[in-house]
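These notes are about the structure you will find just below.
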Number of protein chains: 2
Amino acid sequence: MTANLSKVHNLAWRKFLTAHTVLIDQIEQDLAAADLPPLGWYDVLFALSQASEHKLRLHELAQAVLLSRSNITRLVDRLESKGLLQREQCSRDRRGAFAVITQAGFAMLERMWTVYESAITRDFACHLNVADVKLFIKILNKITSSSNSEPEN
Amino acid sequence: MTANLSKVHNLAWRKFLTAHTVLIDQIEQDLAAADLPPLGWYDVLFALSQASEHKLRLHELAQAVLLSRSNITRLVDRLESKGLLQREQCSRDRRGAFAVITQAGFAMLERMWTVYESAITRDFACHLNVADVKLFIKILNKITSSSNSEPEN
DNA sequence: CTAAAGTGATTGTAACTGCAACCACTTTAC
DNA sequence: GTAAAGTGGTTGCAGTTACAATCACTTTAG
């Protein structure tokens, strides 16, 4: 396969990467400054809060936050040791475990969201009007949906 | 400061994060499958290849690849130990060090680019026509330039 | 029912990251 | 010149990640 990547596409790619790094760094700094845990914790708590009965199997959780299985085990360990979630035996499959968000977990989720939301607003959302944002979503959809389709340029 | 983040903005943010993770994971897999080092190495080699005389002070390099200083020290260690670059004393400032890309470094840069380019093309560029990509860049520019401007939505 | 294959989660290990402390040198201010 | 402050880079350490191996259990095939 010959790649044939155009200048603009290349530029777009680099801007994409840079934007991501800069924004994430900023958010992590905001969280740290407020004595809050890193973004990964938020993702876990959020996924659990959205799940039915506020619990998920570990592998579902891993998929939800796009992390490897071994990784999720230890991330869950950390959150559990802080009381933000609990493990629960799965009765249908004795190998399996659920992670269930606790009250403290909900509270933490809320505190983190306060900081997270204002960071997103200030560094990202503020700069885009509704038309921009809809276009942005449309473009991102093109990129992520159907990982291998026809070229378009 | 009240955040007031709209639904669409929030959705856009999440899609942005997901797209990034998915694409990067894919690229890293492609590189690993070709027995090539991770993306960070490419960034370093690329920055050096673009620099005048193909060398940069370590702190310039750190800035170019958006890494912390301590981090760059060790990343440079690794590349140096593989012969992809060399450290060089700075004569103007005896504290300072340059990183200079070697022939082997250029060769590696090229091998990595082969894989990297086709991954970007296949997973990213393919899905966007020129109009899309120009819009995408425009939007990313709005986000990254001038970290704190007026709201627009 | 049993053997083989597959899946869910954990663990060991090695590599990588971030932070703070540090050493070496340079610049600034007196 | 000298002291104080600042800058460039490295190092120690603790926390995090990735990969492969492992254990426990479930599913499939005969």
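Throughout, protein chains are lettered first and strands after them, A, B, ... in sequence-line order, and every chain is numbered starting at 1.
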Worksheet item: B/Leu58 has an atom CG; how far is it from atom P of C/dC25, in whole Å?
Response: 16 Å
Worksheet item: After noting the C-alpha distance and the side-chain angles of A/Gln29 and A/Asp25, does the key distance pass the side chain to side chain donor-acceptor pair (under 3.5 Å) rule?
Response: CA-CA 6 Å; A/Gln29 273 187 31; A/Asp25 282 3; over 6 Å; no
Item to complete: To the nearest Å, give me how far apart CG (B/Asn71) and C1' (D/dG12) are.
Response: 15 Å
Worksheet item: Taking for each residue the nucleotide of DNA chain D bearing the nearest heavy atom, is the 5' side occupied by B/Val76 or by A/Leu75?
Response: B/Val76
Discussion item. Here's a test for you: under side-chain contact (heavy atoms from CB on, under 4.5 Å), which of B/Leu31, B/Leu75, B/Val65, B/Leu109 qualifies with B/Trp41?
Written reply: B/Leu75
Discussion item. Is it true that, when you exclude A/Glu110 itself, more than 12 heavy atoms of the residues, nucleotides or ligands shown sit nearer than 6.0 Å to its CD?
Written reply: no
Item to complete: May I ask whether A/Leu39 and A/Leu23 are part of the same hydrophobic cluster, defined by side-chain heavy atoms of I, L, V, M, F, W, Y residues being less than 4.5 angstrom apart, directly or through others?
Response: yes
Fill in: Below 4.0 Å: OP1/OP2 of C/dA9 and any side-chain N or O of A/His59
yes
Discussion item. Expressed as a whole number of angstroms, how long is the span from B/Asp93:CG to C/dC23:C1'?
Written reply: 14 Å
Practice prompt. Write down the distance between CD (A/Gln89) and P (D/dT26), rounded to a whole number of angstrom.
Written response: 10 Å
Item to complete: Look at all strands and tell whether A/Arg69 reaches a base, only sugar-phosphate, or nothing, counting heavy atoms closer than 4.0 Å.
Response: base
Worksheet entry | Nearest-Å distance for atom pair CD/C1', residues B/Glu88 and D/dG8 | 16 Å
Discussion item. Taking donor-acceptor contacts at under 3.5 Å, does the side chain of B/Arg95 reach the base of D/dG9?
Written reply: no
Discussion item. Quick check: any donor-acceptor pair below 3.5 Å linking the side-chain of A/Arg87 to the base of C/dG8?
Written reply: no
Item to complete: Figure out the CG/P separation between A/Leu67 and C/dA9, and round it to whole Å.
Response: 14 Å
Worksheet entry | Rounded distance in Å - CZ (A/Arg92) to P (C/dA9) | 15 Å
Item to complete: With DNA chain C as reference, determine whether A/Ser70 or A/Arg57 sits nearer its 5' end, using the nearest nucleotide of each.
Response: A/Arg57
Worksheet item: Between the main-chain N or O of A/Gly83 and the side-chain N or O of A/Thr102, is there a donor-acceptor pair closer than 3.5 Å?
Response: yes
Fill in: Nucleotide C/dG18, atom P - distance to CD1 of B/Ile72 in whole Å
11 Å
Worksheet entry | Presence of donor-acceptor pair under 3.5 Å, side chain of B/Arg74 and base of C/dG18 | yes
